[in-house]
Amino acid sequence: MQAVKYIFQSHGDRRGQLVAIEENKDIPFRIKRVYYMYDTTAGVVRGCHAHKTLQQILICIHGSCKIRLDDGKDRKVISLEKPCEGLYISSTIWREMYDFSPDAVLMVLASELYDEADYIRDYNEFINFVRNS
Ligand code: T46
């Protein structure tokens, strides 16, 4: 499965911590879009889709959450609990984000601009897409 947890270098000194992320260096793509979610409703599950081409890095810059991943063959769950952790998700991986702490801020670095046509929102359609690609 092309989903990998990264640990970004944290530049710490007596003032605190700083993480820098450079495109094509710390992550494997150019960043075309940044978005983030916060004030997530308790118990909610977000995502529940895959992307045809989009690659992303998910970083829980405050609080914590879990991400359930499914590439059509294998499944795994990744927890994001620190601002220096990032989850790389390639295209064609079904993702579900859940178990958000009340203070969670989940920031996403994306390889493409927003395009609804890139989403696969039906799980059976996702399985067929994976089998045929
Ligand atoms: C993903 C996971 C991790 C925009 O207008 N522009 C954007 O760039 C995005 C991402 C969303 N929107 C609008 C579309 C919807 O009306 O914001 C609303 C919520 O989006 P969505 O329901 O797709 O949010 P999630 O949390 O289910 O999924 C998002 C991303 O859409 C998706 O690419 O991989 O986070």
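Just so you know, ligand 1 is whichever comes first in the structure, and atom 1 is the first atom listed for that ligand.
Between Phe126 and Tyr123, the ring centre distance stays below 6.0 Å.
Residue pairs satisfying the side-chain hydrogen bond (donor to acceptor under 3.5 Å, both in side chains) criterion with at least one member in residues 12-23, sequence neighbours excluded, are listed as follows: Ser10-Gln17, Asp13-Arg15, Glu23-Arg30. Applying the salt bridge (Lys or Arg N to Asp or Glu O under 4.0 Å) test to pairs two or more places apart or on separate chains, those with a residue in residues 117-129 are Glu116-Arg121. Legend: salt bridge (Lys or Arg N to Asp or Glu O under 4.0 Å) pairs involving residues 83-95, not counting sequence neighbours, sorted by first then second residue: Lys5-Glu85.
For the pair Tyr98 and Val77, the minimum side-chain heavy-atom distance is below 4.5 Å.
For ligand 1, the protein residues within 4.0 angstrom (heavy atoms only) are Arg33, Tyr35, Met37, Arg46, Gly47, His49, His51, Gln56, Arg95, Met97, Tyr114, Tyr119, Arg121.
Remark: Arg33 fails to qualify as a cation-pi partner of Tyr114 under the 6.0 Å distance and 45° angle criteria applied to the six-membered ring.
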